[in-house]
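Shown next, in structure tokens, is the structure this report addresses.
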Amino acid sequence: MTTLKSQFLNDAEARGFVHQCTDTEALDALAASKTVTAYIGFDCTAPSLHAGSLVSIMLLRLMQKAGHKPIVLMGGGTTKVGDPSGKDEMRKALTDADIAANMAGIRQVFAKFLTFAPEGEAGGPTDAVMVNNADWLDKLNYIDFLRDVGRHFSINRMLTFDSVKLRLEREQPLTFLEFNYMILQAYDFLELARRTDCVLQMGGSDQWGNIVNGVELARRIDNRALYGLTTPLLTTASGAKMGKTAAGAVWLNEDMLSPYDYWQYWRNAEDADVGKFLRLFTDLPLDEVARLEALEGAELNEAKKVLATETTRLCHGDAAAESAAETARKTFEQRTLGDDLPTIEVAAARLDAGVPVFELFREAGLAASNGEARRLIKGGGGRLNDAKIANETAIVGTGDLRDGVIKLSAGKKRHALVRAV
């Protein structure tokens, strides 16, 4: 392999961020000689991003730390169309109000990972900026766009891209609306190149075709040299999709997932993933990562705690990370109740009358439904105040309160408190 000259690509390779690059040698030379501006796009399909987006966010962070300028492109326009990549069916249509609300929620997370210029001040050469592709896509004249941009796209070639081919092979419908997505994404790259001298688009490996389209479009229309870089498709060691759990998505916004639950997600990483996750999702030096991933047996749990604390520190701040770690220590090591355990409030009168234990498990978020809660308890996975629950129809009352709370446990790692009010 050719020796890389730029700190950015060296760091990205060493930490496992690089899957494909359109022209590694030319991009490396450019990044070694000047400040490079690069972007990643994020569509506004939910009010928060989840852990599956962290590879992209951390890549922007790595780039900025190496002295380059990151652009966060919010897909206010492309969200209305929907990217077919990796989807089996058309994305649910969102209203403009939905998209605006989702964008407001998503914006919050980036200030934790990237350095932006103070509000109202002109940014420096490496300060991150956030832009919205609705600013130009909403103003496009359809006929002019078809003539000036659409003519550069071959339907024959578009049909070979995985995002299209997989849908057609499965005989699942692909609408003309979605078919346009790759053209709009390519145009975004051209527009950002013109507006900000952005020369690099990055994204997940499923975006390779869309990114290459943008590189080629800029060459054909403006004779510009642009570059693309993709990250590997990330799954856990057991093959699960990154950022998903049985309980749902691992959201990055605190109002959708508590810092404690976020900490627990990383603490419960599979043994084989610890080194990979430390390289991708923390700022720890690589020699320290190597030391931690070499630990074995019970000692590897210490590496998982470091992973959990460092990832939570980046996403939620020092205080939340240390508090989550302390709560976990009290809960699992001292068998006392940590301050950050998820807590639900139940009317004292309702507890006096008695409440089926499976209902409390559902209400506390330890099970998605009453049926799931009953199966959990019947299978021996439910505990009440650290004692195994013998019957899934057991009734919980005020006599089960300990220091004003009842502790519920689903397995060994998920806990919640019930407080009488």
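This is a predicted model, so every value here is computed, not measured. Atoms considered below: every heavy atom in the structure, side chains included; atoms not considered: hydrogens, waters and symmetry mates.
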Set of side chain to side chain donor-acceptor pair (under 3.5 Å) partners for Thr282, sequence neighbours left out: none
Side chain to side chain donor-acceptor pair (under 3.5 Å) involving Gln108 - partner list, sequence neighbours excluded: none
Carboxylate-amine/guanidinium contact Lys65 Asp283, below 4.0 Å: yes
Carboxylate-amine/guanidinium contact Glu254 Lys112, below 4.0 Å: no
Under a 4.5 Å cut-off applied to non-hydrogen side-chain atoms, are [X] and [Y] in contact?
X	Y	result
Trp136	Asp188	yes
Tyr181	Asn210	yes
Glu191	Asn133	no
Leu200	Tyr39	no
Val289	Phe277	no
Gln185	Ile211	yes
Arg194	Ile221	yes
Thr196	Val129	no

Can you tell me how far [atom2] of [Y] sits from [atom1] of [X], rounded to the nearest 0.5 angstrom?
X	Y	atom1	atom2	result
Tyr187	Leu140	OH	CG	5.0 Å
Phe116	Phe110	CZ	CZ	7.5 Å
Phe42	Thr78	CZ	OG1	12.0 Å
Ile183	Phe145	CD1	CZ	6.0 Å
Ile40	Met63	CD1	CE	9.0 Å
Leu184	Asn213	CG	CG	11.5 Å

Just by distance, do the side chain of [X] and the backbone of [Y] share a donor-acceptor pair under 3.5 Å?
X	Y	result
Thr79	Cys44	yes
Asn268	Gln264	yes
Gln64	Leu114	no
Ser33	Leu30	yes
Thr22	Gly228	yes
Thr309	Val306	no
Asp28	Glu25	no

Derivation of the side chain to side chain contact (heavy atoms under 4.5 Å, CB included) call for Glu322 and Thr312: CA-CA 9 Å; Glu322 298 302 334; Thr312 306; over 6 Å; no
Please report the closest heavy-atom contact between [X] and [Y], naming both atoms and the distance.
X	Y	answer
Leu314	Arg61	CD2-NH2, 3.4 Å
Pro259	Ala320	CB-CB, 3.9 Å
Cys21	Trp208	C-CH2, 3.7 Å
Lys80	Ile99	CG-CD1, 3.6 Å
Ser205	Thr230	CA-CB, 3.8 Å
His19	Pro232	CB-N, 3.5 Å

Phe113 and Leu60: CA distance, side-chain angles, deciding distance, side chain to side chain contact (heavy atoms under 4.5 Å, CB included) verdict: CA-CA 9 Å; Phe113 291 89; Leu60 288 174; over 6 Å; no
Over 12 foreign heavy atoms within 6.0 Å of CD, Glu169: yes
Side chain to side chain contact (heavy atoms under 4.5 Å, CB included) evaluation trace for His50 with Met256: CA-CA 10 Å; His50 58 69; Met256 295 183 68; over 6 Å; no
Partners meeting salt bridge (charged side-chain N to carboxylate O under 4.0 Å, His left out) with Arg107 (sequence neighbours left out): none
Set of salt bridge (charged side-chain N to carboxylate O under 4.0 Å, His left out) partners for Asp255, sequence neighbours left out: none
Please tabulate, for the side chains in residues 66-77, all donor-acceptor contacts under 3.5 angstrom to protein atoms that are two or more places apart in sequence or on a different chain.
unit_1 : atom_1 : unit_2 : atom_2 : d
His68  : ND1    : Val36  : N      : 2.9
Lys69  : NZ     : Gly124 : O      : 3.2
Lys69  : NZ     : Asp127 : O      : 2.6

Can you sort out the partners of [X] under side chain to side chain contact (heavy atoms under 4.5 Å, CB included), two or more places apart, ordered by chain and number?
X	value
Asp135	Asn132
Asn391	Thr393
Ala303	Val274, Leu292, Leu295, Leu300
Leu286	Ala14, Arg15, Arg279

Side-chain H-bond candidate by donor/acceptor type, Asp197 with Thr37, under 3.5 Å: no
Side-chain donor-acceptor contact under 3.5 Å, Gln201 with Gln207: no
Chi angles and distances behind the side chain to side chain contact (heavy atoms under 4.5 Å, CB included) call for Asn253, Val109: CA-CA 7 Å; Asn253 285 18; Val109 78; 4.1 Å; yes
All pairs passing ring pair (Phe, Tyr, Trp, His ring centres under 6.0 Å) where residues 293-324 contributes a residue, at least two apart: Tyr262-His316
Can you give me every donor-acceptor pair (side chain of residues 355-370, partner residue at least two apart or in another chain, under 3.5 Å) with its distance?
unit_1 : atom_1 : unit_2 : atom_2 : d
Glu359 : OE1    : Arg350 : NH2    : 3.1
Arg362 : NE     : Asn370 : OD1    : 2.6
Glu363 : OE1    : Arg350 : NH1    : 3.1
Glu363 : OE2    : Arg350 : NH2    : 2.7
Ser369 : OG     : Glu372 : N      : 3.1

Test applied, side-chain contact (heavy atoms from CB on, under 4.5 Å); reference residue, Thr24; option that passes from Val18, Leu4, Leu229: Leu4
Salt bridge (charged side-chain N to carboxylate O under 4.0 Å, His left out) partners of residues 257-274, not counting sequence neighbours, each pair once: Asp271-Lys304, Asp273-Lys276
